[in-house]
Protein chains: 2
Amino acid sequence: MPDTRSLRSDARRNYELIVAAAVAEVARSGADASLEKIARDAGVGSATLHRHFPSRQALLEAVFHDRVEGLCAQARELATAAEPARALADWLRALAVHGATARGLAASLLASAREPAPPSSSTCEFMLRDAGGALLRRAQEAGTVRPEVTMDDLLTMVNAVSLATEDGPHAERLVTLAIDGIHPAPAR
Amino acid sequence: MPDTRSLRSDARRNYELIVAAAVAEVARSGADASLEKIARDAGVGSATLHRHFPSRQALLEAVFHDRVEGLCAQARELATAAEPARALADWLRALAVHGATARGLAASLLASAREPAPPSSSTCEFMLRDAGGALLRRAQEAGTVRPEVTMDDLLTMVNAVSLATEDGPHAERLVTLAIDGIHPAPAR
DNA sequence: ATCGAAGTGGGGTGGCACCCCGTTTCGATC
DNA sequence: GATCGAAACGGGGTGCCACCCCACTTCGAT
């Protein structure tokens, strides 16, 4: 987000038209939607789209910005819940459902996770890592999550599941499975 | 595999040239390698490639055929191991490493898993489901794996992890995590 | 040696990402 | 409210791709 307020009025208008068109198109066709079509729908030239968003990733970040903020807010609420491990699990499930539901969110997060060091460090991925990290730390301090588990592990796992399922209920089931493991009873 | 022996000699020769080129190219660029380039490398026209392999998926199936057979063989060996749950876990880890290592294998398996009902039912995916299914059943009968876990769960999970990591050690770590869950000690 | 069927591949079509650069529009200034 | 440089625009070009058509070549049974 290169601070929309510093843009000229026409530029800002186009920026918003593009994001709106991208939201619609990504919802329909997923993360690999055609950028040309998004530009066409927004009523701007493709060059304008590419000027505002130098990479597909940059556009997706704008598209998913609200959803990611929602998840971060949810994490902040859960940070004071009674059972830290359950709070973490609930949040991971919510993340999985968003990732599987919002076509392309998971793919987008994974892609940015694999980048070496994205110059603009305000990416969605970091916001989520921080938000979830707090939940994880609390659960580990309470002794209900093993200490060697990292936020990276969990984010990758959840995004992997979302990516593979693209369907809410399945994603939730698999995340629950991964959290509890495949062995019987004693868990918890 | 439409039974290579029923083809005319030149057709069979081309079929094999294409698969050889595809193996090399997929190893270099992953599952979304350029089909045009594969055809060029194989020294055939692109139409020939498309005639032999009507979809990208069909070509990938031929490319990964050997690897999948190897995994099935390994499953058959493990089917008599002493600790069924450990045998299953070992096999899943092996699958994850292959999926993460052989660029595109995981993506390919997941794609075929999501197809509604692929007409030719001899796909890699079914072979793996059967091979792993035996290991899972044995572990469940021994009571060391919960009965509601399905082979579908495990295959999706492992492929998801492979897809998300594309790197052997990470994939193995995450599969182990998913098998044992995130909670401390009592597991096993 | 013949000949029909099986197989081939050059070239066409339409779509895509990404970029160049002549033109338009904005808005700070007076 | 007219001026003008900088900012933004977008049509059109390039090169890549998947996929298909169809005139031509090759195989192999007879």
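Chain letters run A, B, ... following the sequence lines, proteins first and then strands; every chain starts at 1.
- Between A:Arg56 and C:dA17, a side-chain N or O to OP1/OP2 separation shorter than 4.0 Å is present.
- Taking atom CG on A:Leu17 and atom C1' on D:dG10, their separation rounds to 14 Å, with Å as the unit.
- Across residues 32-40 of chain B, not one residue has a non-hydrogen atom less than 4.0 Å from an atom of DNA chain C.
- Sequence neighbours left out, the pairs with a member in residues 20-29 of chain A that pass salt bridge (Lys or Arg N to Asp or Glu O under 4.0 Å) are A:Glu25-A:Arg28.
- Considering only residues two or more places apart in sequence or on other chains, B:Glu148 meets the side chain to side chain donor-acceptor pair (under 3.5 Å) condition with B:Arg146.
- In this structure, A:Phe53 places its CZ atom 14 Å from P of D:dG10, rounding to the nearest Å.
- More than 12 heavy atoms of other residues, nucleotides or ligands lie within 6.0 Å of NE2 in A:His50, so this atom counts as buried by the packing criterion.
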Point to revise | Sugar-phosphate or base contact per nucleotide [nucleotides 22-30 of chain C; S, B, -; heavy atom under 4.0 Å] | key: ---BBS---
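- B:Ile18 has its CD1 atom 11 Å from the C1' atom of C:dT8, to the nearest Å.
- Computed from coordinates, the A:His50 NE2 to D:dG12 C1' distance equals 14 Å when rounded to whole Å.
- Here salt bridge (Lys or Arg N to Asp or Glu O under 4.0 Å) pairs that include residues 39-56 of chain A, with residues two or more places apart or in two chains, are A:Lys37-A:Asp41.
- Applying the salt bridge (Lys or Arg N to Asp or Glu O under 4.0 Å) test to pairs two or more places apart or on separate chains, those with a residue in residues 89-101 of chain B are B:Asp90-B:Arg93.
- The OH-P distance, from A:Tyr15 to D:dG10, rounds to 17 Å in whole Å.
- When the side-chain nitrogen and oxygen atoms of A:Arg51 are compared with OP1 and OP2 of D:dC9, one or more of them lie within a distance under 4.0 Å.
- Residues in residues 128-138 of chain B take part in these side-chain hydrogen bond (donor to acceptor under 3.5 Å, both in side chains) pairs, two or more places apart or across chains: B:Glu125-B:Arg129, B:Arg129-B:Asp152.
- In this model, a donor atom of one side chain and an acceptor atom of the other lie less than 3.5 Å apart for B:Thr150 and B:Asp153.
- Under the side chain to side chain donor-acceptor pair (under 3.5 Å) criterion, A:Arg8 pairs with A:Asp10, sequence neighbours left out.
- Listed by first and then second residue, the side-chain hydrogen bond (donor to acceptor under 3.5 Å, both in side chains) pairs that reach into residues 98-110 of chain A are A:Gln57-A:Ser108, sequence neighbours excluded.
- The CZ atom of B:Arg12 sits 14 Å away from the C1' atom of C:dA6 (whole-angstrom rounding).
- Using a 4.0 Å cut-off, some side-chain N or O of A:His52 falls inside it from OP1 or OP2 of D:dC9.
- Checking C:dT8, C:dG10, D:dA8 against every side-chain atom of B:Ala47, the shortest atom distance belongs to C:dG10.
- When rounded to the nearest whole Å, the span between CG of A:Leu49 and P of C:dC19 equals 12 Å.
- For A:Asn14 and D:dG11, the CG to C1' distance is 15 Å, given to the nearest whole Å.
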